[in-house]
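A short worksheet on the structure shown next.
Everything numeric here is computed off the predicted structure, so don't read it as measured data. For the single chain, residues carry numbers from 1 onward in sequence order.
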Amino acid sequence: QVQLVESGGGSVQSGGSLRLSCAASESTHSTYSMGWFRQAPGKAREGVAVVDTRGTLSYADSVKGRFTISRDNAKNTLYLQMNSLQPEDTAMYYCAASFFARDASWLLLHGSVFDHWGQGTQVTVSS
């Protein structure tokens, strides 16, 4: 069973940048679709960005043009580059992996099919 460990969260001012990393305990290339999800206090979890097993990417509308998801298969690591951060991006960010064979846009909206999750890393953006 793959283990996921996130890092890279922190506190930044509005307009700043952060890069989140998610290290997997085994290769996920071509086996797992990978995604970033977030949950703010009092709000439901939402999909932020997903890369499926074919390499297709999908982003939430709220982060398009600001966030970039990528995976380094040699390092078994998933990244989320976050630029132009805004206070509404404040949340706990989770990395997740799924065997589910669906396209990235569908997976982005169906976090429940992701069966491997990291512990989360906090991102706080101040105005």
Side-chain angles (χ1 to χ4, degrees):
Q1 170 165 320
V2 64
Q3 306 292 323
L4 304 172
V5 179
E6 302 99 332
S7 61
S11 297
V12 296
Q13 292 190 326
S14 181
S17 298
L18 285 172
R19 188 176 81 155
L20 305 183
S21 299
C22 172
S25 59
E26 61 186 68
S27 175
T28 59
H29 178 52
S30 299
T31 304
Y32 292 94
S33 292
M34 302 291 295
W36 289 98
F37 294 80
R38 68 186 180 186
Q39 188 166 21
K43 295 188 176 181
R45 183 183 64 198
E46 65 171 339
V48 175
V50 167
V51 51
D52 65 24
T53 55
R54 296 172 299 172
T56 304
L57 311 179
S58 186
Y59 295 94
D61 287 345
S62 59
V63 307
K64 280 180 181 176
R66 300 188 298 123
F67 291 12
T68 302
I69 188 172
S70 61
R71 61 197 304 176
D72 185 331
N73 295 319
K75 296 182 177 180
N76 296 336
T77 301
L78 181 75
Y79 300 101
L80 185 68
Q81 178 66 42
M82 305 186 294
N83 299 327
S84 302
L85 283 161
Q86 301 300 316
E88 52 266 34
D89 296 315
T90 295
M92 185 71 79
Y93 283 71
Y94 298 91
C95 169
S98 174
F99 267 132
F100 219 76
R102 293 294 297 265
D103 59 83
S105 58
W106 187 92
L107 290 167
L108 186 69
L109 301 177
H110 295 85
S112 59
V113 305
F114 284 78
D115 42 12
H116 304 284
W117 293 83
Q119 82 288 351
T121 186
Q122 178 68 38
V123 172
T124 302
V125 185
S126 58
S127 58

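Between P87 and S126, the shortest heavy-atom distance links the atoms CG-C, 4.4 Å. The two residues A91 and A40 come nearest to each other via the heavy atoms CB-N, 3.8 Å.
A distance of 13.5 Å separates OH of Y59 from OG of S105, quoted to the nearest 0.5 Å. For the atom pair OG1 of T53 and CZ of R102, the computed distance is 12.0 Å after rounding to the nearest 0.5 Å. Taking CD of Q119 as the reference point, atom CG of L4 lies at 9.0 Å (rounded to 0.5 Å). Here the OG1-CZ distance, from T121 to R38, works out to 14.0 Å after rounding to the nearest 0.5 Å. With values rounded to the nearest 0.5 angstrom, F114 atom CZ is found 4.5 Å from L107 atom CG. Atom CG of L78 and atom OG of S70 lie 7.0 Å apart (nearest 0.5 Å).
Follow the hydrophobic side-chain contacts under 4.5 Å out from V48 and you never reach L108; the two are in separate clusters. The hydrophobic clustering, which links ILVMFWY residues whose side-chain heavy atoms are closer than 4.5 Å, places V63 and L57 together. Clustering ILVMFWY residues whenever any of their side-chain heavy atoms sit less than 4.5 angstrom apart, transitively, puts V123 in a cluster other than the one holding Y94.
The six-membered or imidazole ring of F37 lies away from that of Y93, with a centre-to-centre distance of 6.0 Å or more.
No donor-acceptor contact under 3.5 angstrom links the side chains of R71 and T77, judged on distance only.
Listed for the E46 side chain is no donor-acceptor partner under 3.5 Å among the backbone atoms of Q39. Here the side chain of Y32 pairs no donor or acceptor atom with the backbone of D52 at under 3.5 angstrom. Side-chain atoms of Q81 do not come within 3.5 Å of backbone N or O of F67 as any donor-acceptor pair. One N or O on the side chain of T90 and one on the backbone of V125 form a donor-acceptor pair closer than 3.5 Å. Checking side-chain atoms of S98 against main-chain N and O of V113 turns up a donor-acceptor pair under 3.5 Å.
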Dump the intermediate steps for side chain to side chain contact (heavy atoms under 4.5 Å, CB included) on I69 and W36, then the final yes or no. CA-CA 8 Å; I69 188 172; W36 289 98; 3.7 Å; yes
What side-chain donor-acceptor pairs closer than 3.5 Å can you find for residues 9-25, not counting sequence neighbours?
unit_1: S14; atom_1: OG; unit_2: Q86; atom_2: OE1; d: 3.3
unit_1: S17; atom_1: OG; unit_2: N83; atom_2: OD1; d: 2.9
unit_1: S25; atom_1: OG; unit_2: Q3; atom_2: N; d: 2.7

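In this structure the side chain of T56 never reaches within 4.5 angstrom of the side chain of D103, judged on heavy atoms. A 4.5 Å side-chain heavy-atom check between V50 and M34 finds every atom pair outside the cut-off.
The aromatic rings of H116 and F99 sit perpendicular, their planes meeting at an angle over 60°, well past the 30° parallel limit.
Ion pairing between D89 and R66 holds under the 4.0 Å rule for side-chain N and carboxylate O.
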